[in-house]
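So the structure is just underneath, and the comments pick up after that.
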Amino acid sequence: MKNIGLFGGTFDPIHNGHLHIGQAFADEIGLDTVIFLPAGDPYHKPQNTQTPAKHRFIMTELAIADEPRFALSDCDMVREGATYTFDTVQVFHQQFPAATLWWLLGSDSLMKLHTWKKWQTLVQQVNIAVAMREGDSLNQTPRELHAWLGEALQSSRVRILQAPLYNISSTQIRAALENQSLSDGLIPSSVARYIQQHGLYR
Ligand code: ATP
C-alpha cells in the first residue's frame, strides 16, 4: 500500500527548510511521494501582500525538480473560496483510495490544529507528521488537543520528525531578499534565479 505525504503551505517563497523536512519525512515514514500543495490567493484579502499563487507554484515546481519522490498539485489553488485541509484530504482520498495519507506540518501549525475545519474527523482520515520548529515544544500544545495527541502519538498516527531542526522561515527569506542580504544555501539556486528574473520581494 502506498504512503503519500501531503504538504500544504504558502511557500512564499519555498525554502530549503521545506525541502529538508519533506525529504526527512519521506525517509523516516517511508513515503512513496510527497505532494506539495501551494495555497491559493486569499480570496477575501484584496490588499494582501502575498506573492501571486502563479509565482509560488512555479517556484515550488523549480525547487522540487531534483527529488524524484516530490510532486506538485494545484489542488488548493483552483478551488473557489476558502480552502480547508479537510476538503483537500477528501480529494486525495478519492484519488488514492488504497493509500495511507500523511499530512506534513510544522509545530506552529500543529498548535492551531483544533481551529481547523472538522479537525476531529480530519485526524481520523489522515496521519500527521510534525516537524518541530525552534522554540516550540509539545508541552505547549493547546488543551483541546491533549487527549487526541497523547493517543495518536502512542498509536503512531502522529509522528514527530527525528531529523535535526532546520531553523529557517519564508518570513526571514523575504526580509533578507528585501535587504538584498540573502545568504547562500537557504533557497534553491533555481528559485533565487526566478525571484531575480521576476523582480519578486523587492
Ligand atoms: P512564513 O514565515 O511566511 O509563515 P513558513 O516558512 O512557515 O512561512 P509555510 O509555507 O507557511 O512556510 O509553511 C508550510 C508548512 O511548513 C507549515 O506547516 C510550517 O509550519 C512548515 N515549516 C516551514 N518551515 C519549516 C521549518 N523550518 N521547520 C519545520 N516546519 C516548517
Side-chain angles (χ1 to χ4, degrees), residues 5-29 31 34-42 45 48-64 67 70-77 82-86 88-89 101-117 119 122-123 126-138 140-142 145 149 158-179 182-183 185-188 191-192 195 200-201:
L6 302 173
F7 193 6
T10 314
F11 302 129
D12 189 17
I14 189 160
H15 54 67
N16 287 346
H18 295 126
L19 302 175
H20 164 80
I21 63 178
Q23 262 153 350
F25 278 134
D27 292 341
E28 290 184 22
I29 299 175
L31 300 174
V34 174
I35 304 175
F36 286 69
L37 296 154
D41 293 319
K45 285 190 199 158
N48 92 85
T49 53
Q50 198 171 289
T51 308
K54 182 193 84 174
H55 287 308
R56 293 182 286 105
F57 183 84
I58 297 172
M59 289 190 282
T60 306
E61 190 171 37
L62 292 168
I64 66 173
E67 167 56 84
F70 287 171
L72 178 63
S73 164
D74 63 1
C75 174
D76 282 354
M77 289 167 47
T83 43
Y84 297 102
T85 301
F86 179 81
T88 307
V89 166
L101 300 182
W102 288 83
W103 192 265
L104 314 186
L105 45 69
S107 47
D108 53 322
S109 307
L110 175 74
M111 303 296 168
K112 297 183 214 131
L113 186 68
H114 59 298
T115 66
W116 292 14
K117 177 181 168 185
W119 76 270
L122 174 71
V123 297
V126 72
N127 294 343
I128 309 266
V130 184
M132 298 308 292
R133 298 191 82 165
E134 190 158 273
D136 280 357
S137 139
L138 285 184
Q140 304 158 333
T141 313
L145 296 172
L149 187 60
V158 169
R159 296 267 302 264
I160 308 294
L161 188 68
Q162 300 300 308
L165 301 182
Y166 202 100
N167 182 22
I168 166 177
S169 71
S170 297
T171 305
Q172 287 167 1
I173 307 276
R174 289 193 299 274
L177 284 164
E178 275 165 34
N179 301 326
L182 185 68
S183 317
L186 298 182
I187 58 175
V191 174
I195 289 171
L200 305 179
Y201 310 110

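Counting convention: from 1, in listed order, for ligands and their atoms alike. All values reported here derive from a predicted model rather than from experimental measurement.
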Quiz item: At their closest point, which heavy atom of Ala129 faces which heavy atom of Ile29, and how far apart are they?
Solution: CB-CD1, 3.7 Å

Quiz prompt | Side-chain touch Val191/Ile14, heavy atoms, less than 4.5 angstrom | solution = yes

Quiz prompt | Nearest heavy atoms of Pro13 and Ile173, plus distance in Å | solution = CG-CG2, 3.7 Å

Quiz item: Counting both backbone and side chain atoms, is some N or O of Arg174 under 3.5 Å from an N or O of ligand 1?
Solution: yes

Self-check item: His15 near ligand 1 by a heavy-atom separation under 4.0 Å
Solution: yes

Quiz item: Nearest to atom 12 (O) of ligand 1, what protein heavy atom do you find, and at what distance?
Solution: His18 NE2, 3.0 Å

Quiz item: Rounded to the nearest 0.5 Å, what separation is found between the CG atom of Asp27 and the CD atom of Gln162?
Solution: 13.0 Å

Quiz prompt | Nearest atoms (heavy-atom pairs only) where Val34 meets Ala26 | solution = CG2-CB, 4.2 Å

Quiz item: Hey, which atoms in ligand 1 end up nearer than 4.0 Å to a heavy atom of Tyr166?
Solution: 26 (C), 27 (N), 28 (N)

Practice problem: Please indicate whether any nitrogen or oxygen in Gly106 is less than 3.5 Å from any nitrogen or oxygen in ligand 1. | Solution: yes

Practice problem: Scan side-chain atoms only and decide if Asp12 and Gln50 contain a donor-acceptor pair under the 3.5 Å cut-off. | Solution: no

Practice problem: Under 4.0 Å from a heavy atom of Phe7: give me the atoms of ligand 1 that qualify, with their elements. | Solution: 15 (C), 16 (O)

Practice problem: Answer yes or no: is there a donor N or O on one side and an acceptor on the other, between the side chain of Asp76 and the main chain of Gly40, under 3.5 Å? | Solution: no

Quiz item: With distance as the sole test, does His20 use its side chain to make a donor-acceptor pair with the main-chain N or O of Pro164 at under 3.5 Å?
Solution: yes

Quiz prompt | Contacts of Arg174 that satisfy salt bridge (charged side-chain N to carboxylate O under 4.0 Å, His left out) - sequence neighbours left out | solution = none

Exercise. May I ask which of Glu134, Arg133, Met132 has a heavy atom nearer to atom 7 (O) of ligand 1 than the others do?
Key: Arg133

Practice problem: Give yes if a backbone or side-chain nitrogen or oxygen of Ser109 is under 3.5 Å from a nitrogen or oxygen of ligand 1, and no if not. | Solution: yes

Practice problem: Kindly give the heavy-atom pair with the smallest separation between Glu67 and Gln23, and that separation in Å. | Solution: OE1-NE2, 3.0 Å

Quiz item: When rounded to the nearest 0.5 angstrom, what is the spacing between CZ in Phe36 and CZ in Phe70?
Solution: 4.0 Å

Quiz prompt | Nitrogen or oxygen atoms of Phe11 and ligand 1 under 3.5 Å apart | solution = yes

Quiz item: What do we get for Thr171 next to ligand 1 when only non-hydrogen atoms under 4.0 Å count, side chain, backbone, both or neither?
Solution: both

Self-check item: Where ligand 1 meets Ser169 - atom numbers and elements under 4.0 angstrom, heavy-atom basis
Solution: 2 (O), 6 (O)

Quiz item: Does Ser170, backbone or side chain, put an N or O under 3.5 Å from an N or O of ligand 1?
Solution: yes

Exercise. For ligand 1, indicate whether the residue Leu165 contacts it via side chain, backbone, both or neither (heavy-atom separation under 4.0 Å).
Key: neither

Quiz item: Under 4.5 Å between any side-chain heavy atoms of His18 and Phe7, yes or no?
Solution: yes

Exercise. Just jot down the ligand 1 atoms closer than 4.0 angstrom to any heavy atom of Ile21, in number order.
Key: 29 (C), 30 (N), 31 (C)

Practice problem: Measure the distance from atom 20 (O) of ligand 1 to every protein heavy atom, then report the residue, atom name and distance (to 0.1 Å) of the closest one. | Solution: Asp108 OD1, 2.5 Å

Practice problem: Provide the number and element of each atom of ligand 1 under 4.0 Å from a heavy atom of Gly9. | Solution: 10 (O), 14 (C)

Practice problem: Mark up the atoms of ligand 1 that fall under 4.0 Å of a heavy atom belonging to Leu105, in ascending order. | Solution: 18 (O)

Quiz item: Can you check whether Ile168 has an N/O within less than 3.5 Å of an N/O in ligand 1?
Solution: yes

Practice problem: State if Gly8 counts as touching ligand 1 under the rule of any non-hydrogen atom under 4.0 Å. | Solution: yes

